[in-house]
Number of protein chains: 2
Amino acid sequence: MTITQLYYVLAVAENQNFTKAAEKCFVTQPTLSMQIQKLEDQLDVLIFDRTKKPIELTDVGKKIVTQARNIVNESYRIQDIVDQQKGFIGGEFKLGIIPTVMPTLLPMFLKNFIKKHPKVKLKIEELATEEIISKINDGHIDAAIAATPLEEENIKERVLYFEPFVSYIPENHRLHKHKKIDVSDLDIDDMLLLEDGHCFRDGVINLCKAFKNQTDDQFQLESGSIETLIKLSNEGLGMTLLPYLHTLDINDKEKENLHHFNDPTPAREVSIIYHKSELKMQIIEALQDVISGVIRGAIAFQNVEIISPLAK
Amino acid sequence: MTITQLYYVLAVAENQNFTKAAEKCFVTQPTLSMQIQKLEDQLDVLIFDRTKKPIELTDVGKKIVTQARNIVNESYRIQDIVDQQKGFIGGEFKLGIIPTVMPTLLPMFLKNFIKKHPKVKLKIEELATEEIISKINDGHIDAAIAATPLEEENIKERVLYFEPFVSYIPENHRLHKHKKIDVSDLDIDDMLLLEDGHCFRDGVINLCKAFKNQTDDQFQLESGSIETLIKLSNEGLGMTLLPYLHTLDINDKEKENLHHFNDPTPAREVSIIYHKSELKMQIIEALQDVISGVIRGAIAFQNVEIISPLAK
DNA sequence: AGTTTCTATAAATTTTATTGATAGTTTTTC
DNA sequence: GAAAAACTATCAATAAAATTTATAGAAACT
């Protein structure tokens with residue numbers, strides 16, 4: 001048994017297809033066929049059920065894949081140990097970021113980070129929280145920035161900052177005249193909300209859902225569509241909630257529509273999250289340092305109340 | 001990086017010697033030299049400090065060895081998964097047994113076990129508790145039978161049985177006339193005790209130590225030397241304590257010197273212990289079943305008080 | 001039925017691991 | 001302190017293994 005064979009098994013299991021898996025492994029398809037067969041012979045068990053199309057894992061196959069993922073990950077950790085010892089911070093690093101954080105946070109820290117850690121080849125992907133969770137679990141990304149807490153068993157979180165929500169209330173809205181808004185003022189029926197599953201806790205979650213159901217066919221809120229949200233709001237479709245960092249970007253006229261909340265200000269917790277195996281932890285810590293540094297100057301709210309991203 | 005390379009690293013780390021390690025791996029010494037060098041080149045770090053004689057691990061080397069052991073063990077588990085799925089119980093299995101359990105328990109279950117599981121190649125070694133712990137940790141044995149609880153972080157325990165202690169009190173002893181003995185009757189100065197670090201809790205531990213200090217030069221209690229203990233006792237050197245199963249073997253005359261304890265009878269807990277990675281768990285469970293089966297008929301005490309094997 | 005898609009197989013080739021022989025060190029022994 | 005022994009590294013030769021190219025065969029799609 002070799003680590004390579006296990007890696008091939010993982011690739012086939014993920015792609016459900018020898019040919020595609022071979023491409024991803026940068027080898028030819030017969031290589032996979034033969035190596036996997038060799039492993040199956042050695043273990044004397046079939047890992048894949050080749051009668052099914054597309055190919056499926058057998059029952060034992062599933063367990064073997066889980067264990068194989070373990071072993072392959074743990075093998076990466078050896079290089080990690082060496083890097084850590086040397087204080088080396090470099091290599092490829094894949095970072096996922098949720099859409100509502102991407103456009104505001106990324107420009108704030110990217111230059112700094114690249115300057116400070118030029119040997120790291122950052123590959124950043126905009127991903128929804130669900131995608132992030134599955135890609136952290138299968139190792140397709142090394143870490144991600146998302147709203148927390150997520151309560152995922154195999155994922156660890158380190159809080160980067162708390163980002164308050166700010167109400168955006170267009171002129172014609174019943175609440176527009178209020179200087180400060182209270183959470184209790186919010187009403188389901190005239191609220192446009194963010195994607196990412198970021199809804200308010202308890203009762204307000206339902207509103208969020210109600211809104212989604214009602215509008216699924218009419219609108220499609222694309223990723224990073226905070227601008228769209230503002231425009232829809234301007235059109236009189238309701239008020240909305242903006243994460244604080246977004247309010248720094250909008251134009252002066254629209255700024256007049258911003259209403260801060262009474263304390264405790266509702267806020268979201270934004271964290272860097274990663275697999276519990278803690279691979280490439282030096283880079284994760286480097287990211288944490290840089291981001292915490294740039295945020296320290298940008299957000300200075302004190303009395304916040306964290307809104308869970310989980311719609312329970 | 002290959003599992004084989006990691007295995008070679010483990011072998012050299014254990015033997016502190018390339019030549020010996022090569023023998024244990026059934027390859028020649030240049031194979032180890034070259035493969036380990038190759039790994040070191042790839043990681044760009046020295047795992048071994050070859051200037052020291054005998055060879056030593058570098059600081060990174062130590063961490064790499066820990067991780068390598070992980071990976072190698074986890075790789076074995078894949079065959080384990082397959083065996084478990086098939087219900088296959090077989091292969092080589094190394095079992096350690098402490099000296100005071102070996103002569104009484106082994107004959108009771110060995111035949112049964114071999115008959116029931118003929119495909120298992122049992123290799124049994126008599127080992128002291130300390131040796132057992134280290135050999136379970138480095139994978140040199142698959143499981144062991146020892147007195148518990150041990151409170152070892154990486155070792156799991158499954159209780160097999162509770163074995164009461166029986167006093168052996170020679171004729172000339174002050175307690176000989178008592179029919180039943182109470183734990184409070186025991187006195188340091190006239191007790192011969194077992195090896196294995198099995199001492200009574202609290203106060204009596206000290207007695208045990210006192211005895212050892214006093215006699216280290218005069219006697220050497222060998223493994224499995226319960227017979228010796230009885231003979232020493234007969235010579236008037238003091239009373240002693242026998243694990244219950246040993247009392248089934250002694251001759252009729254000596255049986256007259258046996259005195260059971262008042263309830264709660266002091267007893268030791270005997271368990272099958274194994275690494276938390278739970279490799280070869282099917283065989284461990286098979287052993288547990290067979291041993292529990294044969295013991296059920298042999299020991300029928302009810303009110304026992306467990307004596308910890310740890311001399312705190 | 002013909003075409004496409006996919007996996008298995010076979011032979012050739014490249015890569016990698018292993019060996020046997022030996023040189024160069026260090027340690028041990030007398 | 002010189003000779004012997006023990007140990008690791010290196011080199012060229014060999015054995016073993018992984019990979020590739022080419023192709024056959026099976027299943028799915030049109």
Side-chain angles (χ1 to χ4, degrees), chain A residues 1-58 60-62 64-65 68 71-72 75-76 78-79, chain B residues 1-62 64-65 68 71-72 75 78-79:
Chain A
M1 183 192 318
T2 66
I3 296 174
T4 310
Q5 284 171 346
L6 299 179
Y7 186 76
Y8 291 164
V9 168
L10 292 183
V12 173
E14 268 176 23
N15 294 285
Q16 294 198 305
N17 178 312
F18 276 70
T19 313
K20 280 183 200 161
E23 281 170 29
K24 301 234 169 137
C25 294
F26 303 105
V27 292
T28 59
Q29 167 266 316
T31 301
L32 288 203
S33 282
M34 291 178 106
Q35 286 305 311
I36 289 177
Q37 266 181 60
K38 206 176 144 187
L39 180 61
E40 288 178 324
D41 285 354
Q42 211 174 68
L43 296 173
D44 195 32
V45 78
L46 282 178
I47 298 172
F48 295 101
D49 180 349
R50 295 159 173 81
T51 65
K52 302 270 178 58
K53 309 283 158 162
I55 262 180
E56 272 181 27
L57 283 164
T58 60
V60 216
K62 285 175 196 160
I64 290 175
V65 162
I71 294 171
V72 171
S75 78
Y76 292 151
I78 286 190
Q79 182 66 61
Chain B
M1 182 192 319
T2 66
I3 296 174
T4 309
Q5 284 170 348
L6 299 179
Y7 186 76
Y8 291 165
V9 168
L10 292 183
V12 174
E14 268 176 24
N15 294 284
Q16 293 197 306
N17 179 311
F18 276 69
T19 313
K20 279 183 202 161
E23 279 171 27
K24 299 233 170 137
C25 294
F26 302 105
V27 292
T28 59
Q29 168 266 316
T31 301
L32 287 204
S33 281
M34 291 177 113
Q35 286 306 309
I36 289 178
Q37 266 181 60
K38 205 176 145 187
L39 181 60
E40 288 178 323
D41 285 354
Q42 212 174 67
L43 296 173
D44 194 31
V45 79
L46 283 178
I47 298 172
F48 294 101
D49 179 350
R50 294 159 174 83
T51 65
K52 302 269 178 61
K53 310 280 160 161
I55 263 179
E56 273 181 24
L57 284 165
T58 60
D59 286 348
V60 217
K62 284 175 197 161
I64 291 175
V65 162
I71 295 171
V72 170
S75 79
I78 287 190
Q79 182 65 61

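Naming: A, B, ... by sequence-line order, numbering from 1 per chain.
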Worksheet item: Do A/Val12 and A/Ile47 touch side chain to side chain, with heavy atoms closer than 4.5 Å?
Response: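 They are not in contact (no side-chain heavy atoms under 4.5 Å apart), so the answer is no.
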Discussion item. Using whole Å, what does the distance between atom C1' of nucleotide D/dC7 and atom CZ of B/Phe48 come to?
Written reply: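 Interatomic distance, CZ of B/Phe48 to C1' of D/dC7: 15 Å.
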Worksheet item: A/Leu46 has an atom CG; how far is it from atom P of C/dA8, in whole Å?
Response: 10 Å
Worksheet item: Given C/dT9, D/dA9, C/dT7, which nucleotide is nearest the side-chain atoms of A/Thr19?
Response: C/dT7
Item to complete: Would you confirm whether A/Thr58, through its side chain, and A/Phe48, through its main-chain N or O, come within 3.5 Å as a donor-acceptor pair?
Response: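 Checked: no pair found.
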Between [X] and [N], is there a side-chain N or O to OP1/OP2 distance below 4.0 Å?
X	N	value
A/Asn17	C/dT5	no
A/Gln37	C/dT7	no
B/Ser33	D/dT8	no
A/Gln16	C/dC6	no

Item to complete: With sequence neighbours excluded, tell me which residues meet salt bridge (charged side-chain N to carboxylate O under 4.0 Å, His left out) with A/Glu14.
Response: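 For A/Glu14 the salt bridge (charged side-chain N to carboxylate O under 4.0 Å, His left out) partners, ignoring immediate neighbours, are A/Arg69.
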Item to complete: With sequence neighbours left out, write down each residue that passes salt bridge (charged side-chain N to carboxylate O under 4.0 Å, His left out) with B/Lys24, or none if nothing qualifies.
Response: none
Distance-only donor-acceptor hits, side chain of residues 28-35 of chain B, under 3.5 Å, sequence neighbours excluded:
residue	atom	partner	partner atom	Å
B/Thr28	OG1	B/Thr31	OG1	3.2
B/Gln29	NE2	B/Ser33	OG	3.0
B/Gln35	OE1	B/Gln5	NE2	3.0

Item to complete: Quick one, give me the B/S/- string for nucleotides 23-30 of chain C, reading 5' to 3', where B means a protein heavy atom under 4.0 Å from the base and S means that only happens at the primed atoms, P, OP1 or OP2.
Response: ---SS---
Worksheet item: Tell me, which pairs form a salt bridge (charged side-chain N to carboxylate O under 4.0 Å, His left out) where one or both residues lie in residues 35-44 of chain A, sequence neighbours left out?
Response: A/Glu40-A/Arg50, A/Asp44-B/Lys86
Kindly give the atom pairs (protein nitrogen or oxygen, nucleotide nitrogen or oxygen) under 3.5 Å for nucleotides 18-21 of chain D.
residue	atom	partner	partner atom	Å
D/dA18	OP1	A/Lys38	NZ	3.3
D/dA18	OP2	A/Gln35	NE2	3.4
D/dA18	OP2	A/Lys38	NZ	2.0
D/dT19	OP1	A/Tyr8	OH	3.2
D/dT19	OP2	A/Tyr8	OH	3.2
D/dT20	OP2	A/Thr28	N	2.8
D/dT20	OP2	A/Thr28	OG1	3.0
D/dT20	OP2	A/Thr31	OG1	2.9

Fill in: Sequence-distant partners of B/Lys53, side chain to side chain contact (heavy atoms under 4.5 Å, CB included), two or more places apart
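B/Lys53 satisfies side chain to side chain contact (heavy atoms under 4.5 Å, CB included) with no other residue.
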